[in-house]
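Note on naming: letters A, B, ... go to the chains in the order of the sequence lines (proteins, then strands), and numbering restarts at 1 for each one. Please read these numbers as outputs of a predicted model, since none were measured by experiment.
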There are 2 protein chains.
Amino acid sequence: MTKHPAVQNIKVAADAAIFTVENKQLKVLLIQMKKAPFAGEWALPGGLLGDEETSRQAVDRILTTQTGVKKVYLEQLMTFDDVQRDKLGRVISIAWFALIPNGGFKLKTTEKYADVRWWPVKALPKLAYDHAAIAKTAVSRLRAKLEYANVAWSLLPAEFTLAELQNTYESILGKPLDKRNFQKKYLALGLIKESGKMRTGGAYRPAKLYNFAKFV
Amino acid sequence: MTKHPAVQNIKVAADAAIFTVENKQLKVLLIQMKKAPFAGEWALPGGLLGDEETSRQAVDRILTTQTGVKKVYLEQLMTFDDVQRDKLGRVISIAWFALIPNGGFKLKTTEKYADVRWWPVKALPKLAYDHAAIAKTAVSRLRAKLEYANVAWSLLPAEFTLAELQNTYESILGKPLDKRNFQKKYLALGLIKESGKMRTGGAYRPAKLYNFAKFV
DNA sequence: TCAAAAGTGTTCCTGTTACACCCATGA
DNA sequence: TCATGGGTGTAACAGGAACACTTTTGA
């Protein structure tokens, strides 16, 4: 039986699965590694915790530095602690996830990383560490959350049409929804209200614009 | 801004919130501390991870040693990482939770602890560290899980009556349920089947005994 | 006038709720 | 025979699913 160690040799990291919906696709934010042994591979933004820093704070800091994404609503996902998840040494990862509106941030990274980019969850590149498992868990959680939480609030701009709202749901679930039922159900929830404005410009009937009335 | 540390001074622990239902009360398993600065206080079973040990494995080991509870179905709850959660040094805790049948284990602890006991969640003693917060989170998760998962399977013995099943639900939710509706709904789920046996002995009509048919 | 997307009602079905009475047993 | 908990049916309602047509606009 393993004895309680007087000194541990385990490091603690935080990783973030940040989602958005763009072009009717659910996408996740990845950075491209420069250093061996993962050069060229993609990964979720992440890094080690400071001694006086919570994982939440670490994610904030890391997102700002590595991706340019700031001050988003984050939710703890799960902690990944397989002994072999990082071949360079024992590191556990406290994973977080968040949703941000499309185009809400200008992406930029540091010289430590080769690139930062949105990737469709349906066609992810090879991911470093166990980040494929983390991303998969995050997508499952997001879909589950869609059933009971006002997830779209984090993904849409202040004004949006019902069609845009429905597209967001369809993109996350990966399946079409009935337009009338979706609108009826969503409006009955009382979460959104008409802004009084219309979106014009298309060669078709203008759409009413809505705002969120409540934040869940 | 905090810099990525070359060396971290953070320890990693695992804690377990183990529940049972006894005498129509939801109870959680606690151990009583002996050592300063928490002498006499109660805490969730827990301890530091070994270098080659996952938190899941650590919880298994710790439960066996500290409480006598073995090989239960565990689910990861959340990681608690407030900087000040342990005044003796920075320790993060990966918390797990589990449900076990009443009377399924003979409780025993080591000389390191003063006692091990089931405590009703409605009347917990003062808890060490941030274990009150962990316990509260675990109870919330358990109640939420009750809505969509076959939680009772972990709490009941192989054979049980519908009344016992209903009592389990009522104890966790802390509110009464309609007998006819509960039975109708639960039987329609197809999760349980009649064993063919009856529980006799009371000064009233014998009750049918059921088994679980599926494990969710 | 046509193409394109917006907007709207009704029916059916299923599951939930509320509610009251008879049944089998041991004492 | 009575006290006790076991066991059952039905009506009303709400929410979800399926489904087709009319409206408004720009080109």
_No-hydrogen, no-angle side-chain donor-acceptor test under 3.5 Å, Thr20(B) and Trp118(B)_ = no
*May I have the distance from Met198(A) (atom CE) to dA5(C) (atom C1'), rounded to whole angstrom?*
12 Å
*Of all of residues 160-175 of chain A, which get a heavy atom below 4.0 angstrom from DNA chain C, listed by number?*
Ala163(A)
*Write down the distance between CG (Leu187(B)) and P (dG9(D)), rounded to a whole number of angstrom.*
12 Å
*asked:* Nearest whole Å is fine: how far is dT16(C) P from Leu177(B) CG?
replied: 13 Å
_How would you summarise protein contacts on nucleotides 19-27 of chain C per nucleotide, using B for base, S for sugar-phosphate only and - for none, with heavy-atom distances below 4.0 Å?_
BB--BBBS-
*Measuring from Thr54(B):OG1 to Gln84(A):CD, what's the distance to the nearest 0.5 Å?*
12.0 Å
*Report yes if the side chains of Ile18(B) and Leu74(B) come closer than 4.5 Å at any heavy-atom pair, otherwise no.*
yes
_Ser93(B) and Asp15(B) side chains, donor-acceptor separation under 3.5 Å_ = yes
*Distance, rounded to the nearest Å, where Leu209(B) contributes CG and dG6(D) contributes P*: 11 Å
_Does either side chain, that of Tyr113(B) or that of Gln66(B), offer a donor lying less than 3.5 Å from an acceptor on the other one?_
yes
*asked:* In this structure, how many angstroms lie between the P atom of dA6(C) and the CD atom of Glu194(A), rounded?
replied: 15 Å
*Closer than 4.0 Å, any side-chain N/O of Lys208(A) to the OP1 or OP2 of dT8(C)?*
yes
*asked:* In this structure, how many angstroms lie between the P atom of dG16(D) and the OH atom of Tyr186(A), rounded?
replied: 14 Å
*Got Lys197(A) and Glu159(A) here, is their nearest side-chain heavy-atom distance under 4.5 Å?*
yes
_Spacing between Lys185(B) atom NZ and dT8(D) atom C1', to the nearest angstrom_ = 19 Å
_Nearest-0.5 Å distance, CD1 of residue Ile134(B) to OH of residue Tyr129(B)_ = 10.5 Å
*Does the side chain of Asn181(A) come under 3.5 Å of the side chain of Tyr186(A) through a donor N or O and an acceptor N or O?*
no
*Atom pair CZ/CG of Arg56(A) and Asp81(B) - distance to nearest 0.5 Å*: 11.0 Å
